[in-house]
Amino acid sequence: MLEMFLYILWLVPIWFLYRWCKERRRIANISGRHVYITGCDSGFGNLLARHLDQLGYRVIAGCYTEKGEDELKKICSDRLTTIHLDVTKPESVRKATADIKTLVGEKGLWAVVNNAGISVPTGPTDWFTIEDYKGMLDVNLNGVISVTLSILPLIKKAKGRVVNVASVFGRISPFGGPYCVSKYGVEAFNDSLRLYMLHFGVKVLCIEPGFFKTNVTNIPLMQNSLQKSWDKLPQDTKDDYGEDYIRVAFEKVEGRFSQLTDGDLMKVVHCMEHAISAVHPRTRYSPGWDAKFFWLPLSYMPTCIVDRLFLIDSIRPKVSTL
């Protein structure tokens, strides 16, 4: 038994060494490859656009605002092209796709990175209406599907890559509202697309970041969203939760986000770049120590244990029966 254990133990570093060597190989001729990125106004998308431009890729940066387009043009080379993109509007997605088709020609599009996303509204699930869900799902899930399907023929032509930015919260739901729902949806879309696209030589990869310091985890933005959701609640729901609930929720948001958010956004950008550039990319990337050593292990635990752990640190409504 001991000999078998030692034998398996020796295989672990050998496997990691093999994977490290395999993943070092990069594709050639990057100067002739176009990469389309959504959500480039700020955060991961903005940094990725700049990083790939420096490496020599022909970046097509989808921006929601003119300000985002102008700022990228100022700091990037003339290889980078910006386009106005609202992923929630089919006509905007179609126009962007038509422009990209003209730009890439017969070569096709090497990669698309579906990065655009929002994180509010947030709060307990019963604070929201279906309309609150629709707004976020239109960006975080339907936007990903819409953009991907619109340019998939160009990706297939190049035998390229689809890189979908989900979240570790597409694997586990520690808080309410539409965010986790939207990211679970991205995971499902990613998994089904990956299997079908294997037949066409297209690789479909998923990025599942933990907490990073971006607009998605902006503390004042989250607190303002909580306050707006609270203000809209009927009085009987407020009575159920109690007047202290919102105050404690503010404190929890500030405490958790201050402790858990990682300021090194390049950890995520390097994963995105590897998914685009590696000859043998990983199927999934989980940047962030919190993702690797807390959220992902937690997602594999029995539900009864996970629920108990979450309840220990949760805010109890005034009428809680627990």
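Just so it is clear, the structure is predicted and the values come from calculations on it, not from any experiment.
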Are any of the side-chain nitrogens in [X] or [Y] under 4.0 Å away from the carboxylate oxygens of its partner?
X      : Y      : value
Arg26  : Glu273 : yes
Lys95  : Asp99  : yes
Asp132 : Lys232 : yes

Less than 6.0 Å separating the ring centroids of Tyr184 and Phe169?
-> no
Kindly assign one of parallel, tilted or perpendicular to the pair Tyr241 and Tyr245, based on the angle between their ring planes and the thresholds 30° and 60°.
-> perpendicular
Verify the distance criterion only: is there a donor paired with an acceptor across the side chains of Asn142 and Thr88 at less than 3.5 Å?
-> no
Asp290 and Trp295: side chain donor to acceptor below 3.5 Å = yes
Val59 vs Leu48 side-chain heavy atoms within contact, under 4.5 Å = no
Any chance you could measure Gln54, atom CD, to Cys76, atom SG, to the nearest 0.5 Å?
-> 7.5 Å
Are any side-chain N or O atoms of [X] and backbone N or O atoms of [Y], one a donor and one an acceptor, separated by less than 3.5 Å?
X      : Y      : value
Ser320 : Arg316 : no
Thr237 : Leu233 : no
Asn164 : Val204 : no
Thr38  : Ala116 : yes
Arg194 : Leu205 : no
Lys183 : Val165 : yes
Lys252 : Asp313 : yes
Arg33  : Ala28  : yes
Asn46  : Cys40  : yes

Please report the shortest heavy-atom distance between Ser119 and Tyr179, naming the atom on each side.
-> CA-CD1, 3.8 Å
Grab the two heavy atoms, one from Pro209 and one from Ala166, that are nearest each other, plus how far apart they are.
-> CD-O, 3.8 Å
Apply side chain to side chain donor-acceptor pair (under 3.5 Å) to the pair Tyr133 and Ser182, showing each step before the final yes or no.
-> CA-CA 9 Å; Tyr133 275 78; Ser182 70; over 6 Å; no
